[in-house]
J.: 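Structure provided below as C-alpha cells; questions to follow.
Count residues from 1 along the sequence.
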Amino acid sequence: MLFYLSIAQLLYVIILSPLAIGILNFFNERLSSRGGPSIFQEYYNLFKYFKKQSIYPESSSIFFTYVPYMSFAMYLFLTLVLPIITAFPLTFGPVVDFVGGGLVFGAASTLIKLSALDSKNNYSILGASRSSSIGIFTEPVILLIFIMLGVISGTNNPYVINNIMQTSTSWYYSLVHLFIALAFLFVLIIEIGQLPIESSSLNELGSIDTLLIHEYSGRELALLKWGRYIKQFILMNVFLNVYTWPFFVPMKLSLISIFFYMFINFFKIIILLIIFAFINSMVSKYRLFKIFDYIAIAFSFTLLAMLVFYITTSGG
C-alpha cells in the first residue's frame, strides 16, 4: 500500500506543479490589471516544447544533453521522500533526511549550472554566475534553518518534525518556530523567483533561471522547466507541511483522509500563491545587487531563532 501511495504522491506533484505556477502567474497578472494567460498555460507550453526539435550548441559536450534528464530524475526522487500528502513515511521516505534532501537539491542545481557553462554561451554563463553568487549566501541560511528544526525536534527527519509541530503546541507557538518560519519564507520567495528579483523573467538585468537554460530547446527545455515547477512545488509543500501549517496532514494510513488532504494541500498552496502575488504587486523590485540585503534579513531571523532557543532553554 505504501508503494502505491508513493506513486500517487509522485503523480500528484508531477501533474499539479505546472498548474500551481500557472495560478501564480494568473494572480500576478490580474493584480497588475492585465488579462494574463490561462492558469493552464504552462501545460500548453510544456506540450509545445515536447513537440519541438531539440537543437544543441556546437561547442557543448554530451554532458549538456544529459543534464535535463538527470536533474528531472533528482526532483522526482525528492518527491518520493518528503511529506507532501502524508505525515508518515512512504516506501522511500527513510532513504534521506533534510540534509540528504538538501544535498540532492544542491546537486541538481549544480548540474544545471555546469550545463550552462558547457554551452559556452555568454548569457548562460552570466546566469550561472548570478545563481552561484546568490547560492553562496542562501544555502548557509537554509542549513541553519534545518539545524534549528533539528534542535527543536531532535532529528532531521521531516516526517518527525511534522508530527512534533502538529502535536506540540508549545513549540508551534514559540518564538523559535516563528523566526525559523519567517527566515524560510524569505528564502522561499527567492527560490520561487518572486520578490526581490525577477529570476524567471526575460529581463536581462534581473534574469537568472531563464539565462541558465538559454541554450536548451525541445524536449530538454520542457524537462528543465517541468523540473523547476516540481522543485518550487516541493519547496512550497515543505514550507507549509513542515514549517508553518503542518495541520491536517494524515498521520495514520487512511485512504479517505489522504484523498481529502490532497484537496486541502492544494488549497493551502493556492493561499500561499496569493500571498506571493500580493507581495509581488505591492513591493517594488530590488536591483539585482540588493538581493544580498534581502538574504541578510533571512539570516537575521535565523540568528534570532538560535538566540531565543539557547536563552530560553538555558534559563529553564
Side-chain angles (χ1 to χ4, degrees), residues 1-26 37-52 54 66-93 95-96 100-102 104-109 111-112 158-159 188 191-193 200 209 212-213 216-242 249-250 255 258-270 272-273 276:
M1 179 60 69
L2 293 180
F3 177 77
Y4 294 111
L5 287 176
S6 298
I7 300 301
Q9 179 167 287
L10 181 67
L11 294 175
Y12 174 79
V13 175
I14 290 176
I15 295 173
L16 292 184
S17 55
L19 178 61
I21 303 304
I23 292 174
L24 175 60
N25 294 334
F26 175 81
S38 165
I39 61 175
F40 303 106
Q41 183 62 44
E42 302 306 323
Y43 294 110
Y44 304 146
N45 292 341
L46 291 174
F47 180 73
K48 177 180 65 177
Y49 294 142
F50 275 117
K51 289 178 59 178
K52 287 190 173 183
S54 299
Y66 288 134
V67 164
Y69 301 94
M70 292 188 292
S71 62
F72 189 76
M74 289 179 179
Y75 291 133
L76 293 185
F77 168 74
L78 288 169
T79 301
L80 296 172
V81 299
L82 292 172
I84 297 177
I85 62 173
T86 66
F88 55 88
L90 299 179
T91 303
F92 304 96
V95 176
V96 297
V104 176
F105 267 121
S109 299
L111 287 175
I112 295 174
Y159 294 95
L188 180 63
E191 292 293 335
I192 297 299
S200 59
D209 294 326
L212 283 172
I213 60 177
Y216 280 102
S217 60
R219 185 185 298 108
E220 286 76 16
L221 178 59
L223 288 175
L224 285 171
K225 283 185 171 291
W226 205 346
R228 184 169 180 269
Y229 300 154
I230 293 174
K231 172 187 175 182
Q232 294 173 342
F233 195 82
I234 291 174
L235 287 173
M236 286 188 288
N237 270 283
V238 170
F239 176 74
L240 290 171
N241 291 345
V242 180
V249 189
L255 294 180
I258 294 172
F259 176 76
F260 280 109
Y261 182 70
M262 289 182 180
F263 294 94
I264 296 174
N265 179 73
F266 197 71
F267 177 72
K268 294 196 295 186
I269 292 288
I270 292 176
L272 184 61
L273 294 175
F276 285 154

J.: Excluding sequence neighbours, so at least two apart, what forms ring-ring contact (aromatic ring centres under 6.0 Å, His included) with Phe77?
T.: none

J.: Any chance you could measure Leu16, atom CG, to Met262, atom CE, to the nearest 0.5 Å?
T.: 9.0 Å

J.: With sequence neighbours left out, what residues match Tyr4 under ring-ring contact (aromatic ring centres under 6.0 Å, His included)?
T.: none

J.: Taking atom CG of Leu11 and atom OG1 of Thr79, what is their separation to the nearest 0.5 Å?
T.: 10.5 Å

J.: So, do Glu42 and Asn25 sit near enough that their side-chain heavy atoms are less than 4.5 Å apart?
T.: yes

J.: Are Phe72 and Ile230 close enough that some pair of their side-chain heavy atoms sits under 4.5 Å apart?
T.: yes

J.: Mind running side-chain contact (heavy atoms from CB on, under 4.5 Å) on Asn241 and Tyr261 for me, showing each step along the way?
T.: CA-CA 11 Å; Asn241 291 345; Tyr261 182 70; 2.6 Å; yes

J.: For residues Leu46 and Pro18, report the shortest heavy-atom separation together with the two atoms involved.
T.: CD1-CG, 4.0 Å

J.: What distance do Arg228 atom CZ and Leu212 atom CG have between them, rounded to the nearest 0.5 Å?
T.: 9.5 Å

J.: Tell me, yes or no, whether the heavy-atom count around Phe260 atom CZ, taken from other residues, nucleotides or ligands under 6.0 Å, exceeds 12.
T.: no

J.: List in chain and number order the residues that pass side-chain contact (heavy atoms from CB on, under 4.5 Å) with Ser54, two or more places apart in sequence or in another chain; answer none if no residue qualifies.
T.: Tyr56, Arg219, Glu220

J.: Is there a donor-acceptor contact under 3.5 Å from the side chain of Trp226 to the main chain of Ile14?
T.: yes

J.: First locate atom CD1 of Ile234, then atom CD of Gln232, and finally report the distance between them rounded to the nearest 0.5 Å.
T.: 10.5 Å

J.: Determine whether Tyr49 and Asn45 satisfy the following criterion, side-chain contact (heavy atoms from CB on, under 4.5 Å), listing intermediate values before the conclusion.
T.: CA-CA 6 Å; Tyr49 294 142; Asn45 292 341; 4.1 Å; yes

J.: Nearest 0.5 Å, what's the CD1-NZ distance between Ile213 and Lys225?
T.: 4.5 Å

J.: Hey, does the side chain of Gln41 reach the backbone of Gly22 with a donor-acceptor pair shorter than 3.5 angstrom?
T.: no

J.: Show the nearest heavy-atom pair for residues Tyr159 and Leu80, with the distance to one decimal.
T.: OH-O, 4.4 Å

J.: Tell me the closest heavy-atom pair linking Leu272 and Leu188, and the distance in Å.
T.: CD2-CD2, 4.1 Å

J.: In a table with atom names and distances, give each donor-acceptor pair under 3.5 Å that connects a side chain of residues 84-92 to protein atoms at least two apart or in another chain.
T.:
| residue | atom | partner | partner atom | Å |
| --- | --- | --- | --- | --- |
| Thr86 | OG1 | Phe88 | O | 2.9 |
| Thr91 | OG1 | Leu2 | O | 3.4 |
| Thr91 | OG1 | Phe3 | N | 3.0 |

J.: Under the side chain to side chain donor-acceptor pair (under 3.5 Å) rule, collect the residues that match up with Tyr12, sequence neighbours excluded.
T.: Asn265

J.: With no hydrogens and no angle check, is any side-chain donor or acceptor of Tyr43 less than 3.5 Å from a backbone partner on Ile15?
T.: yes

J.: If we only count heavy atoms from C-beta on, is the Pro158 to Val238 side-chain gap below 4.5 Å?
T.: no

J.: Who pairs with Tyr216 by ring-ring contact (aromatic ring centres under 6.0 Å, His included), at least two apart in sequence or on another chain?
T.: Phe64

J.: Decide if atom CZ of Phe259 counts as having more than 12 heavy atoms of other residues, nucleotides or ligands within a radius under 6.0 Å.
T.: no

J.: Parallel, tilted or perpendicular: which one describes the rings of Phe105 and Tyr75, with boundaries at 30° and 60°?
T.: tilted

J.: If I compare all heavy atoms of Ala20 with all of Met236, which pair ends up nearest, and what's the gap?
T.: CB-CE, 4.5 Å

J.: Give a yes or no on whether Lys48 atom NZ has more than 12 heavy-atom contacts from other residues, nucleotides or ligands under 6.0 Å away.
T.: yes

J.: Kindly give the heavy-atom pair with the smallest separation between Phe26 and Pro37, and that separation in Å.
T.: CD1-O, 3.7 Å

J.: Measuring from atom NZ of Lys52 to atom CG of Leu221, what distance do you get when rounded to the nearest 0.5 angstrom?
T.: 9.0 Å

J.: Determine the minimum heavy-atom distance between Leu82 and Gln9, stating which atoms define it.
T.: O-NE2, 3.1 Å

